[in-house]
Novice: 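The structure that follows is given in the form of structure tokens.
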Amino acid sequence: MTMTTLKIDRRGEAARCVAWVWMAKPAVHNAFDETLIAELTATLLALDADPTVRVIVLAGEGKSFSAGADLTWMQRQGAASVDENLADARRLAELFRTLSTLAKPTIARVHGAALGGGMGLAAACDICVASDRAVFATSEVKFGIIPSAISPYVIRAIGERQAYRYFQTAERISAARAREIGLVHEVTDSEGGLDPQIEAIVEALLAGGPNAQAAATDLIRAVANKPVTDDVVDDTARRIATLRATPEAREGLSAFLDKRQAAWMVSAPAPNPTTGH
Ligand SMILES: CC(C)(COP(=O)([O-])OP(=O)([O-])OC[C@H]1O[C@@H](n2cnc3c(N)ncnc32)[C@H](O)[C@@H]1OP(=O)([O-])[O-])[C@@H](O)C(=O)NCCC(=O)NCCSC(=O)C[C@@](C)(O)CC(=O)[O-]
């Protein structure tokens, strides 16, 4: 697929490779239309399936991370039939689901504006690092629409209570406030501080076992917000029991006991149970 809206920058040697995915429509602050949605969805799936890639970083070229959905496209779609609109809206919703169900760790690198769907992309990544000048908002009601496709990820990040306020007021949320309400993990004191902060997180990720990281992500998705029933206890016991017997766990435990660095093997992740990819 020839990319017209994205630039992919692979950093690091095979098996320690970090894929930086740059949204590259700076003239419109990386607002996304059908093309960017299709390219980003396909790229994320391909990188997730690539055994040499360990971490995916999502970033935006120019002044902003992303200004969300392209409002000229939204307006055009408003003139289409509800069925056409629905197919379009589903592709948008699938992008967020794809991003939030990848097996590989994902990091949002947010500078400038992350508005509407841009805030949704940040929320759908596993980890979000923002510069002090970053600004977030669910601005949709200002345009007579709602933050629908992004809602599961934003509500999961900031909680229902904050969502009532920000979905309805569309107020701007500073980076510091975004950290306070759980959307952002780290705020750097300048845009220049973003990459070193992300690289430090990447180093921590590369030190862990890749299968274990994918399993930890899957575990969070399975147990979060569930009551601790017998089934959940059973499931968590089964997961650790299964993992203990893997070559990766044997290597990780031996490396610790032998006082050496673990040598991780990388392999393609199993198909995602939610998306089937
Ligand atoms: C980003 C700033 C702060 C920059 O503010 P600025 O630096 O002052 O720049 P600007 O406003 O002059 O923007 C530069 C150019 O980018 C365009 N632009 C900018 N944003 C968009 C956009 N989204 N769609 C289409 N075009 C956009 C803008 O129209 C302009 O075009 P020009 O006049 O040069 O031809 C400002 O432009 C702004 O506030 N933009 C609106 C951002 C916003 O509120 N986005 C929410 C979109 S709705 C959405 O995402 C729906 C979704 C996905 O959540 C639905 C769902 O979840 O189901």
Side-chain angles (χ1 to χ4, degrees), residues 4-6 21-41 44 58-101 106 108-125 128 130-160 162-175 177-178 181 183-184 191:
T4 58
T5 63
L6 299 178
V21 179
W22 293 87
M23 294 175 277
K25 291 181 71 181
V28 289
H29 297 264
N30 302 313
F32 40 82
D33 58 4
E34 305 96 312
T35 310
L36 195 149
I37 290 168
E39 291 186 359
L40 187 52
T41 306
L44 292 170
L58 182 60
E61 273 195 356
K63 274 172 67 181
S64 297
F65 174 70
S66 169
D70 187 316
L71 293 167
T72 57
W73 167 56
M74 288 259 143
Q75 188 189 42
R76 262 197 330 274
Q77 283 305 107
S81 71
V82 172
D83 279 352
E84 277 173 282
N85 244 311
L86 186 59
D88 212 52
R90 265 197 211 287
R91 282 191 287 275
L92 180 62
E94 283 298 346
L95 164 64
F96 292 105
R97 178 159 72 166
T98 298
L99 177 58
S100 71
T101 54
T106 51
R109 176 200 186 277
V110 182
H111 74 292
L115 304 178
M119 176 162 161
L121 291 176
C125 286
C128 179
S131 76
D132 56 345
R133 306 280 291 278
V135 58
F136 300 84
T138 45
S139 47
E140 287 82 349
V141 292
K142 289 203 299 193
F143 314 117
I145 56 175
I146 53 171
S148 199
I150 67 172
S151 60
Y153 318 100
V154 174
I155 296 170
R156 187 177 63 192
I158 71 174
E160 187 180 338
Q162 300 293 347
Y164 277 110
R165 171 176 175 178
Y166 292 115
F167 279 24
Q168 301 199 49
T169 63
E171 286 163 285
R172 294 288 175 102
I173 304 169
S174 68
R177 177 79 182 131
I181 62 177
L183 177 63
V184 166
E191 196 183 323

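Note that ligands are numbered from 1 as they come in the structure, with each ligand's atoms numbered from 1 the same way.
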Novice: What residues form a side chain to side chain contact (heavy atoms under 4.5 Å, CB included) with Ile145, not counting sequence neighbours?
Specialist: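 Scan of Ile145 (side chain to side chain contact (heavy atoms under 4.5 Å, CB included), adjacent residues dropped) gives Met74, Glu140, Phe143.
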
Novice: Does the side chain of Glu84 pick up a donor-acceptor pair with the side chain of Ser81 at under 3.5 Å?
Specialist: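 A pair is found: one side chain offers a donor N or O, the other an acceptor, under 3.5 Å apart.
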
Novice: With no hydrogens and no angle check, do the side chains of Tyr166 and Arg177 hold a donor and an acceptor under 3.5 Å apart?
Specialist: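 A pair is found: one side chain offers a donor N or O, the other an acceptor, under 3.5 Å apart.
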
Novice: Between Arg97 and Glu94, is there a salt bridge with N-O shorter than 4.0 Å?
Specialist: yes

Novice: How many angstroms lie between CG in Asp88 and CG in Asp83, if you round to the nearest 0.5 Å?
Specialist: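 Asp88 CG to Asp83 CG: 12.0 Å, rounded to 0.5 Å.
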
Novice: Is Arg165 salt-bridged to Glu171, going by a charged N under 4.0 Å from an acidic O?
Specialist: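 Counted as a salt bridge, because a side-chain N and a carboxylate O are separated by less than 4.0 Å.
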
Novice: Could you list each N/O atom of ligand 1 together with any protein N/O atom closer than 3.5 Å, one pair per line with the distance?
Specialist:
unit_1	atom_1	unit_2	atom_2	d
ligand 1	7 (O)	Lys63	NZ	2.8
ligand 1	9 (O)	His29	NE2	3.2
ligand 1	16 (O)	Ala27	O	3.3
ligand 1	23 (N)	Ala67	O	3.0
ligand 1	23 (N)	Ala69	O	3.0
ligand 1	24 (N)	Leu71	N	2.8
ligand 1	44 (O)	Ser139	OG	2.6
ligand 1	45 (N)	Ala67	O	2.8
ligand 1	50 (O)	Ala69	N	2.9
ligand 1	50 (O)	Gly117	N	2.8
ligand 1	54 (O)	Glu140	OE2	2.4
ligand 1	57 (O)	Ser148	N	3.1
ligand 1	57 (O)	Ala149	N	3.0
ligand 1	57 (O)	Ile150	N	3.2
ligand 1	58 (O)	Ser148	N	3.3
ligand 1	58 (O)	Ala149	N	2.8

